[in-house]
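Working notes for the structure below.
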Protein chains: 2
Amino acid sequence: MSELGELEPVARQSTAELIADQLRSAIMYGVFAPGTQLAEAELAARFEVSRGPLREAMQRLVQEGLLRGERHRGLFVIDLDEQDVADIYLARLAIERMACELIMHGNRGEAVAHLTEALTELVTAAESGDRHAMSDADQAFHLALVTCSGNSRLERMAQTLLVETRMCLAALQDHYPRPQDLVAEHRILVDAIADGDEERLLGLIESHMRDSIVRLRPA
Amino acid sequence: MSELGELEPVARQSTAELIADQLRSAIMYGVFAPGTQLAEAELAARFEVSRGPLREAMQRLVQEGLLRGERHRGLFVIDLDEQDVADIYLARLAIERMACELIMHGNRGEAVAHLTEALTELVTAAESGDRHAMSDADQAFHLALVTCSGNSRLERMAQTLLVETRMCLAALQDHYPRPQDLVAEHRILVDAIADGDEERLLGLIESHMRDSIVRLRPA
DNA sequence: ACCGCGCCGATTGTTGACAATCATACGAGC
DNA sequence: GCTCGTATGATTGTCAACAATCGGCGCGGT
């Protein structure tokens, strides 16, 4: 074979991780609305596993902060108030700002490549007018941004925060910007990176987040 | 009774959370060195619970990134290389920097009060010369800093990062600054907050983290 | 009518047993 | 002598049953 280096250990996710991914996705898209109780028996039956692995998966989400547990009563999807919205976006700002700095002082070229691709997806979604697809692309863009920083801890944190962001959008009637504005907002980010203009980039990210907070304020 | 508002719901932690806290602490202090496998049967016997709750607790730590799982093989404490050290401190910088900003634009007085108390503990520890106590106080100070920001998500992230920080210190022969320097480093942070000098504060936090990275470099 | 009490179904918490997989040691074959 | 295949013990993954707790209902008392 031509290259031997790209051989990776065969991915073996644990059952708990598989289930956690599905649950996280369901929570993210609002399949389980905030405050909803997750009944063990019912979910276990649906996933066709026993309650053991399911409980392991749910404990992961508790640790992640997506579920809140009341002893002997059950696990519930967290509810998000205005304070949470602000907390989430400010935490994202902290993470993504650092990611931007790392990108600017790291492999900028690769980041531009990946983000340009993510931006293309966003444009496609915007043209389709599908809000769901736009949100997906938006989320993917920001995750790509953090991934490009090369800091796996930032990436993990961003992942959770993006899920919570999506919960806000689902819960708060999706106060989303116009498609063309959404694209423009992200394009200028890529441009700033490509131009190597760190100061501008950091200002843009900050506006991006702070604007989102006020946009979602009058829930 | 004089005040009724301070009544809190009786704390009912789940068994998984209790166990997770103990395990996290053990990992943090290096009781389980990086790379060590956590044997279920042995730990379950030690905690005097069955493997069920123990596994739930361990899944929490996996989600937290403190354990790495290999299917059908077991769970292992993550190992930390030089890259991880940098990742951890830069992630901390992201979090704590934002915490500083929130404090400066929020309830500065309360923050100064809490941090001054934490600083006092640090001084006491420094005077005792006990490295362990100094690390504890150092960690408590930084956690207090993030807690004062009032952002629970930042707080949760900081908690995990501080555990990892401690792992670095334990693994890398505790390349720790001199006691008086440690105290000074933190005192100027409190001073900057008290003075309301945000720019200085942010610069200090950044130095604090970046210096730590280079200090731990020649492992 | 209202409050307290106790019962009952339902759900969560926990356990021990069973199945599947892995790591190691041993022996056969080349 | 080395490699490959196999048996074995140990550990993880999964499950179904048991125990404990919760929420709601009805009953009796005041």
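Residue numbers start from 1 in every chain, and the chains themselves are labelled A, B, ... in the order their sequence lines are given, proteins ahead of strands. Atoms considered below: every heavy atom in the structure, side chains included; atoms not considered: hydrogens, waters and symmetry mates.
- A donor-acceptor contact shorter than 3.5 Å is absent between the side chain of Ser25(A) and the backbone of Gln22(A).
- By the salt bridge (Lys or Arg N to Asp or Glu O under 4.0 Å) test, Glu206(B) is found to be paired with Arg97(B), Arg210(B), residues two or more places apart in sequence or in another chain being considered.
- Scored by the side-chain contact (heavy atoms from CB on, under 4.5 Å) test, Ile213(B) finds Ala86(B), Tyr89(B), Leu90(B) as partners (sequence neighbours excluded).
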Could you spell out the base pairing of DNA chain D as a dot-bracket line? Use Watson-Crick and G-U wobble contacts where both distances are under 3.5 Å, [ ] for crossing pairs, | for partners on a different strand. ||||||||||||||||||||||||||||||
Can you check side chain to side chain donor-acceptor pair (under 3.5 Å) on Arg71(A) and Thr15(B), steps first, answer last? CA-CA 9 Å; Arg71(A) 193 151 220 253; Thr15(B) 306; 2.7 Å; yes
Only distances under 3.5 Å count here; give the side-chain donor-acceptor pairs of residues 38-49 of chain A to other protein atoms, sequence neighbours excluded, each with its distance to 0.1 Å.
residue  : atom : partner  : partner atom : Å
Glu40(A) : OE1  : Arg51(A) : NE           : 2.9
Glu40(A) : OE1  : Arg51(A) : NH2          : 3.0
Glu40(A) : OE2  : Arg55(A) : NH1          : 2.7

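- Note on ring orientation: taking the six-membered ring where Trp is involved, the planes of His142(B) and His208(B) are tilted (angle from 30° to 60°).
- Taking the side-chain contact (heavy atoms from CB on, under 4.5 Å) definition, one finds that Gln139(A) meets it with Met28(A), Leu162(A), Arg166(A), sequence neighbours left out.
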Letter by letter from the 5' end, nucleotides 8-22 of chain D scores (B base, S sugar-phosphate only, - none; protein heavy atoms under 4.0 Å) ----BBBB-B---SS
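- To the nearest angstrom, P of dG13(C) lies 14 Å from CD of Gln13(B).
- No hydrogens or angles considered: nothing links the side chains of Asn151(B) and Glu155(B) as a donor-acceptor pair under 3.5 Å.
- Rounded to a whole Å, the CG atom of Leu18(B) is 14 Å from the C1' atom of dG13(C).
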